[in-house]
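Only one structure is covered here, and it is reproduced in the block below.
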There are 2 protein chains.
Amino acid sequence: MGQGPTITTIAQRAGVSIASVSRVLNGLPTRQETERKVLAAAEELGYVRNAVARSLKSRRTHQVAFAMADVGNPAYLAMLREIQPVLKAAGYRLVLHSTDAVVADEIEVLHSLGERYVDGLIMVPLRVTEAHLAMLASARAPVVIIGSVPEGTPVDNVRADSRTGVRLALDHLHALGRRRIGLVNGPLDTVPGAARGAAYREALGALGLPYDEELVEIGDFYRAEGGRAVATLLDRVPDLDALMCANDLIALGALDVLRAAGRRVPRDVAVVGMDDTDLAAASWPSLSSVSLGSAERGRAAAELLLDRLRHGEREPRLVTVPPHLVVRASTGRAGAEEPRGDAP
Amino acid sequence: MGQGPTITTIAQRAGVSIASVSRVLNGLPTRQETERKVLAAAEELGYVRNAVARSLKSRRTHQVAFAMADVGNPAYLAMLREIQPVLKAAGYRLVLHSTDAVVADEIEVLHSLGERYVDGLIMVPLRVTEAHLAMLASARAPVVIIGSVPEGTPVDNVRADSRTGVRLALDHLHALGRRRIGLVNGPLDTVPGAARGAAYREALGALGLPYDEELVEIGDFYRAEGGRAVATLLDRVPDLDALMCANDLIALGALDVLRAAGRRVPRDVAVVGMDDTDLAAASWPSLSSVSLGSAERGRAAAELLLDRLRHGEREPRLVTVPPHLVVRASTGRAGAEEPRGDAP
DNA sequence: CGCGTTGCTGTAAACGTTTACCGTGTTTCG
DNA sequence: CGAAACACGGTAAACGTTTACAGCAACGCG
């Protein structure tokens with residue numbers, strides 16, 4: 001674990017200059033004899049190029065950062081799963097930042113781009129504040145934002161379309177004959193919470209259904225809170241026949257509570273989740289869920305970043321990934337349902 | 001996005017030498033007046049330290065790599081979730097490597113330590129080959145291996161104890177009165193497959209139950225394959241009353257197949273999974289599962305690495321994380337069960 | 001008043017590469 | 001046969017820091 005060999009060591013051993021060593025190692029034209037000597041020396045010494053020194057000179061680190069709120073969140077993980085191989089294939093390493101849902105941490109990540117330890121950044125901000133915009137305008141490396149960013153912000157941008165997503169879910173429920181469709185949402189001061197709430201109202205309108213605020217309940221984006229919200233909602237509106245849940249965890253909470261209340265899913269109440277996480281397929285009954293294309297967004301972001309790293313300056317691009325509905329048992333047709341259960 | 005300011009720029013602006021700038025920025029004793037000028041200049045110029053140049057000089061990158069087979073695997077993710085904050089708190093960035101279950105990729109990661117782009121590495125190898133051992137012996141940076149490594153290998157090592165884990169599960173099933181306990185395993189040429197198979201046999205012995213190879217079926221560590229293996233097993237041994245599954249995905253497949261076959265869980269057949277992933281809590285009935293302490297292993301690995309980075313040479317350490325059984329509905333007591341279902 | 005401290009600052013070397021530039025020896029061609 | 005072209009390879013500078021060392025002014029003390 002001592003001092004590894006450097007090109008200087010090799011140069012001495014091979015009896016040539018460090019410039020020749022460098023040229024050989026970089027495949028620049030060299031006399032065969034020189035090449036042979038250098039390669040032999042490198043081999044014997046077990047030489048490995050020092051990435052730090054290379055980066056200093058070349059101003060390229062071959063690293064890209066991915067910053068999101070929480071390593072544990074399946075939606076971010078779906079992105080990560082796509083981003084990783086794309087970057088790897090292009091010869092980039094991935095530096096992972098978890099900002100713990102703290103805005104100051106996100107700003108810090110943007111600031112640290114100035115340290116030049118990465119060539120670019122893919123970020124999923126919780127919400128985009130003034131501070132974000134200021135940092136983005138002066139960012140010292142290319143940035144791709146997953147999420148919505150105001151018109152004119154000088155970064156590539158990848159968006160989901162939860163509006164259409166909610167719409168797809170409600171259309172589906174409507175087509176199944178459901179008319180009393182509740183919404184179980186997360187906090188309205190979050191970007192997804194606000195968007196999904198508005199989309200719900202709008203989609204109802206498009207279907208010619210009345211908006212009834214009795215049918216809306218706000219909890220949080222977790223299973224227990226979601227379940228609690230559903231319980232409240234069930235008490236208030238006993239005749240509801242479908243639930244649109246703002247994410248899959250809430251939907252799992254809904255399944256728990258419905259089961260405990262003796263409501264059959266989907267016969268009595270159909271349930272739709274959102275994000276189409278792994279959990280949706282694992283649950284019983286399996287959960288119909290609106291995919292907002294996390295994987296596709298991750299891939300698109302990685303490709304935008306690579307493109308910019310390769311081709312330098314160009315107009316910022318906007319990519320919007322369309323959602324799609326994954327139909328499973330929780331909204332399945334008659335017969336595809338779970339019977340009354342006696343859960344522990 | 002042009003050339004950022006360097007300490008030279010600051011030095012000129014402040015009318016001092018670059019050495020003074022460096023000293024001020026590193027908090028070394030300086031005259032107040034100098035400090036003021038330097039900080040003012042740095043502030044005006046929006047200076048940020050160049051991490052690459054720093055690393056070159058200091059031989060420290062403040063980066064640590066984590067290498068595992070597959071970003072999508074929940075067990076690795078549980079580790080990652082613990083590793084990330086520990087490293088972050090200590091001022092290290094995390095570089096993520098996914099080796100796609102290819103041994104050559106793992107070797108490559110070990111080799112690339114010579115590039116010195118990280119200060120250390122945490123690796124979860126699929127299996128430890130001769131090539132691994134050779135690379136580990138000559139690794140150019142501290143390495144922590146999660147998994148088992150032969151006595152005497154010069155690396156810190158964190159192990160799970162799946163032997164005890166299987167034992168816990170079988171004890172539990174036995175205590176519930178189950179006597180015909182099947183094993184649904186993954187391939188025997190994998191480390192976990194082999195270990196779990198042996199542990200099953202041993203645990204049966206300890207309980208005074210006969211080992212019946214009829215009760216063992218090999219599939220793969222995925223849901224569909226697991227389900228298929230269970231179907232075969234059910235055909236062959238219709239009277240089995242419990243299933244030990246080598247991971248949670250297999251167990252989910254088991255639930256699918258049992259439900260389709262009209263067997264009630266847990267009344268007719270109790271099911272235990274392994275790894276205690278998020279999916280275990282999401283499924284219905286929720287899945288009893290043996291936790292092998294992925295999170296704890298991740299944390300232990302991160303702490304071992306940090307300790308070594310701080311204190312340099314010391315004897316390699318071995319940490320074994322004890323497993324524990326998480327009891328949920330799939331082995332619940334009578335009444336805590338799912339009734340006969342008519343799944344889609 | 002001279003000398004050893006003390007406190008700060010500047011010069012320069014070093015970290016390990018890449019690369020512009022120049023010198024040397026060989027080839028080519030008029 | 002001499003000049004021009006060429007192919008290689010060496011010297012040295014640069015990337016942006018940190019830091020050993022030396023210089024210098026002010027100061028205390030005998």
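Convention: sequence-line order gives letters A, B, ...; per-chain numbering from 1.
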Tell me the interatomic distance from [X], atom [atom1], to [N], atom [atom2], rounded to whole angstroms.
X     : N      : atom1 : atom2 : answer
B/Q32 : C/dG7  : CD    : C1'   : 14 Å
B/Q12 : C/dG10 : CD    : P     : 13 Å
A/I7  : C/dT19 : CD1   : C1'   : 11 Å

What is the nucleic acid contact for [X], judged by heavy atoms within less than 4.0 Å: base, sugar-phosphate only, or nothing?
X     : answer
A/V16 : sugar-phosphate
B/R49 : sugar-phosphate
B/T30 : sugar-phosphate
A/S22 : base

inquiry  = Between B/A53 and B/R31, which residue's closest nucleotide on DNA chain C lies nearer the 5′ terminus?
reply    = B/R31

key: Nucleotide range of DNA chain D lying under 4.0 Å from chain A heavy atoms   = D/dC8 to D/dG16

query = With the threshold set at 4.0 Å, does a side-chain nitrogen-carboxylate oxygen contact exist between A/D161 and A/R297?
reply = no

message = With heavy-atom distances below 4.5 Å as the criterion, would you say the side chains of A/L305 and A/V86 are in contact?
response = no

Contact check, side chains of A/D278 and A/P74, non-hydrogen atoms, under 4.5 Å = no

key: Mutual orientation of the aromatic rings belonging to B/Y92 and B/H62 [parallel < 30°, tilted 30-60°, perpendicular > 60°]   = tilted

inquiry  = Quick check on B/E33: does its CD atom have over 12 non-hydrogen neighbours (other residues, nucleotides or ligands) under 6.0 Å away?
reply    = yes

inquiry  = Holding to salt bridge (charged side-chain N to carboxylate O under 4.0 Å, His left out), I want the full list of residues that pass it with B/E35, two or more places apart in sequence or in another chain.
reply    = none

